[in-house]
Amino acid sequence: MIYLDNAATSWPKPPMVADRVREAILHQGGNPGRSGHAMSLAAGKLLEEARNKLAHLFNVADPHRIVFALNATDALHLAINGSLEEGGHVIISSMEHNAVTRPLHRYQERGGCVTKIPMDPVSGVDPENVKKALRKDTRLVVMTHASNVCGTVNPIKEIGLVCREAGVPLLVDASQSAGCLPVDVEAMHIDMLAFPGHKSLLGPTGTGGLYIREGVEMAPVRLGGTGLHSEEQDQPREMPFRYESGTQNVQGLAGLAAGLDYIEEEGLDAIESKEESLTSLLLEGLASIEGLSLYGPPKGVRRAPVVSFTLENVDPIEIAAILDQSFAIAVRAGLHCAPDAHGTIGTLAAGGTVRVSPGPYNTEEDIQTVVDAIGEIAEAF
């Protein structure tokens, strides 16, 4: 199989990821922070190792400001539901994922107000529009760093500066950028950063986290045992325990740490450069196919390694099925859990797009093969 669905979950993982998960299961199987025996302490050391590596990647000064979560959705829910009180105002873009829009829809049902500002599929959100949308009761701004539908990259640094000057926290969804595009929480003025471990960070599923800048206060949404201040009824205030109740995914996070080691060894710049080259090759090849429409930034404009297209008079689901069954090529088709993005680019009524997303293990031969296969499908219809 040629795997080109890395925007959903990266595959294959670096061999060291599986090795590290196995080692953790065999030798660090205790419960971190709950006991004083050697295996419990070893498990706790694994968590700190993963936390430290994430802090290094995102330029976080205090690793304890990183809270582990199940995935980016879980992290976003913590940030959104923990930050908002009834009656406040939130600003988002017109291309957010359902992990943002659905909790905010419920927030609106409970009396909150949400403003969606336009996100241009090529250039992203205009920071001036964020500035204009701010109100006295604005409690939060939520922005995707890169669109999961068409790879559009938002000017987060400039948006972050607008938010910082207004004293409004900025929550960034880094689901399509963490591990393949540079993310610096200090330089980009990010107050909260939600990220998955299983995409470009190359870790196992069931991993992810939320960075919370010092001074940003929110209510914990998952209460329970932390191994700290167990005699008290209230949740501990210390980080990261305030937001990490229950036993963490120790083995998964050990694998995530190994994925971060791979990124460190290869170099983020080298990974970004390779995926940019593959994406450009893909855009160039697809642009030559008659009846095919591309969405998002054109070749030469910076984007995440995500390419969406449609073929005239052919259902995207059918194209993906043919690629899978006749060519052994794995892509994703449909709405990609982001109907607002499809409304923005005009593909909602058509059932979405076909999404091709290269990863660090793909080759130029893989890209040429998928371009040829889509060309054959186009000719057949």
Asks: Answer with yes or no whether the side chains of Tyr295 and Thr310 bring together a donor and an acceptor at under 3.5 Å.
Replies: yes
Asks: Do Pro298 and Leu283 touch side chain to side chain, with heavy atoms closer than 4.5 Å?
Replies: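 The answer is no, as the side chains (C-beta and beyond) never meet within the 4.5 Å cut-off.
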Asks: What I want to find out is whether Glu217 reaches Arg242 closely enough, with some N-O distance under 4.0 Å, to be called a salt bridge.
Replies: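 Arg242 and Glu217: not salt-bridged.
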Asks: Could you walk me through whether Val114 and Thr101 pass the side chain to side chain contact (heavy atoms under 4.5 Å, CB included) test, one step at a time?
Replies: CA-CA 9 Å; Val114 177; Thr101 59; over 6 Å; no
Asks: Scan side-chain atoms only and decide if Asn31 and Thr247 contain a donor-acceptor pair under the 3.5 Å cut-off.
Replies: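 Yes.
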Asks: Quick check against the 3.5 Å criterion: does Lys157 have a side-chain atom that pairs as donor or acceptor with the backbone of Asp184?
Replies: no
Asks: Could you go through Met143 and Val130, starting from their C-alpha distance and side-chain angles, then the distance that decides it, and tell me whether this counts as side chain to side chain contact (heavy atoms under 4.5 Å, CB included)?
Replies: CA-CA 10 Å; Met143 289 284 150; Val130 177; 4.3 Å; yes
Asks: Check Lys45 with Glu48, please: is the shortest side-chain N to carboxylate O separation under 4.0 Å?
Replies: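 No, this pair does not count.
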Asks: What's the separation between atom NZ in Lys274 and atom CG in Asp269, rounded to the nearest 0.5 Å?
Replies: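 Spacing of NZ (Lys274) from CG (Asp269) equals 15.5 Å.
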Asks: Is the side chain of His342 donor-acceptor paired with the backbone N or O of Leu335 at a distance under 3.5 Å, no angle test?
Replies: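 Present.
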Asks: Determine whether a donor-acceptor pair (N or O, by modelled atom type, separation under 3.5 Å) exists between the side chain of Asp191 and the backbone of Arg213.
Replies: no
Asks: Okay, side chain of Thr353, backbone of Arg355: is any donor-acceptor separation there less than 3.5 Å?
Replies: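 Flag not set: sc Thr353 to bb Arg355 has no pair under 3.5 Å.
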Asks: Is a side-chain donor or acceptor of Ser94 paired with a backbone partner of Met119 at a separation under 3.5 angstrom?
Replies: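 Yes, because the side chain of Ser94 sits within donor-acceptor range (under 3.5 Å) of the backbone of Met119.
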Asks: Is it true that a side-chain atom of Ser280 and a backbone atom of Glu276 form a donor plus acceptor pair closer than 3.5 Å?
Replies: yes
Asks: Please say which of Val168, Val172, Ile92 ends up in a side chain to side chain contact (heavy atoms under 4.5 Å, CB included) with Val141.
Replies: Val168
Asks: Can you tell me how far the CD1 atom of Ile263 sits from the CG atom of Leu268, to the nearest 0.5 Å?
Replies: 7.0 Å
Asks: With rounding to the nearest 0.5 angstrom, report the CD to OG distance, Glu275 to Ser357.
Replies: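 Going from the CD atom of Glu275 to the OG atom of Ser357 covers 9.5 Å.
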Asks: For the pair Lys13 (side chain) and His198 (backbone), establish whether a donor and an acceptor sit closer than 3.5 Å, ignoring hydrogens and angles.
Replies: yes
Asks: Any side-chain to backbone donor/acceptor pair from Arg303 onto Pro297? Under 3.5 Å, distance only.
Replies: yes
Asks: Apply side chain to side chain contact (heavy atoms under 4.5 Å, CB included) to residues Leu210 and Leu171 and explain how you reach the verdict.
Replies: CA-CA 10 Å; Leu210 177 71; Leu171 167 61; 4.1 Å; yes
Asks: Shortest non-hydrogen contact from Asp74 to Ala69?
Replies: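 Minimum heavy-atom separation between Asp74 and Ala69: OD2-CB, 3.4 Å.
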Asks: Which heavy atom in Leu260 sits nearest to a heavy atom in Ala50, and how many Å separate them?
Replies: CD1-O, 4.2 Å
Asks: Can you measure from SG (Cys150) to CD (Gln176) and round to the nearest 0.5 angstrom?
Replies: 11.0 Å
Asks: With a 4.5 Å limit on heavy-atom distance, are the side chains of Val183 and Tyr211 in contact?
Replies: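 Val183 does not reach Tyr211 side chain to side chain.
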Asks: Under a 4.5 Å cut-off applied to non-hydrogen side-chain atoms, are Asp5 and Val331 in contact?
Replies: no
Asks: Are the side chains of Leu170 and Ile156 in touch, meaning some heavy atoms are under 4.5 Å apart?
Replies: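 Yes - at least one pair of side-chain heavy atoms lies under 4.5 Å apart.
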Asks: Any side-chain to backbone donor/acceptor pair from Arg139 onto Ser83? Under 3.5 Å, distance only.
Replies: no
Asks: Using a 4.5 Å cut-off on heavy atoms from C-beta on, say whether the side chain of Val307 contacts that of Thr279.
Replies: yes
Asks: First locate atom CZ of Arg135, then atom NE2 of His89, and finally report the distance between them rounded to the nearest 0.5 Å.
Replies: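 With rounding to 0.5 Å, CZ (Arg135) is 4.5 Å from NE2 (His89).
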Asks: Under the side chain to side chain contact (heavy atoms under 4.5 Å, CB included) test against Leu256, which residue among Val21, Val17, Leu54 passes?
Replies: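 By the side chain to side chain contact (heavy atoms under 4.5 Å, CB included) criterion, Leu256 pairs with just one of Val21, Val17, Leu54: Leu54.
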Asks: Quick check against the 3.5 Å criterion: does Arg222 have a side-chain atom that pairs as donor or acceptor with the backbone of Leu78?
Replies: no
Asks: Working to the nearest 0.5 angstrom, can you tell me the gap between Asn362 CG and Leu281 CG?
Replies: 11.5 Å
Asks: Identify the residue among Ile159, Asp173, Val153, Thr152 that makes a side chain to side chain contact (heavy atoms under 4.5 Å, CB included) with His145.
Replies: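 Going through Ile159, Asp173, Val153, Thr152 one by one, the side chain to side chain contact (heavy atoms under 4.5 Å, CB included) with His145 is satisfied by Val153 alone.
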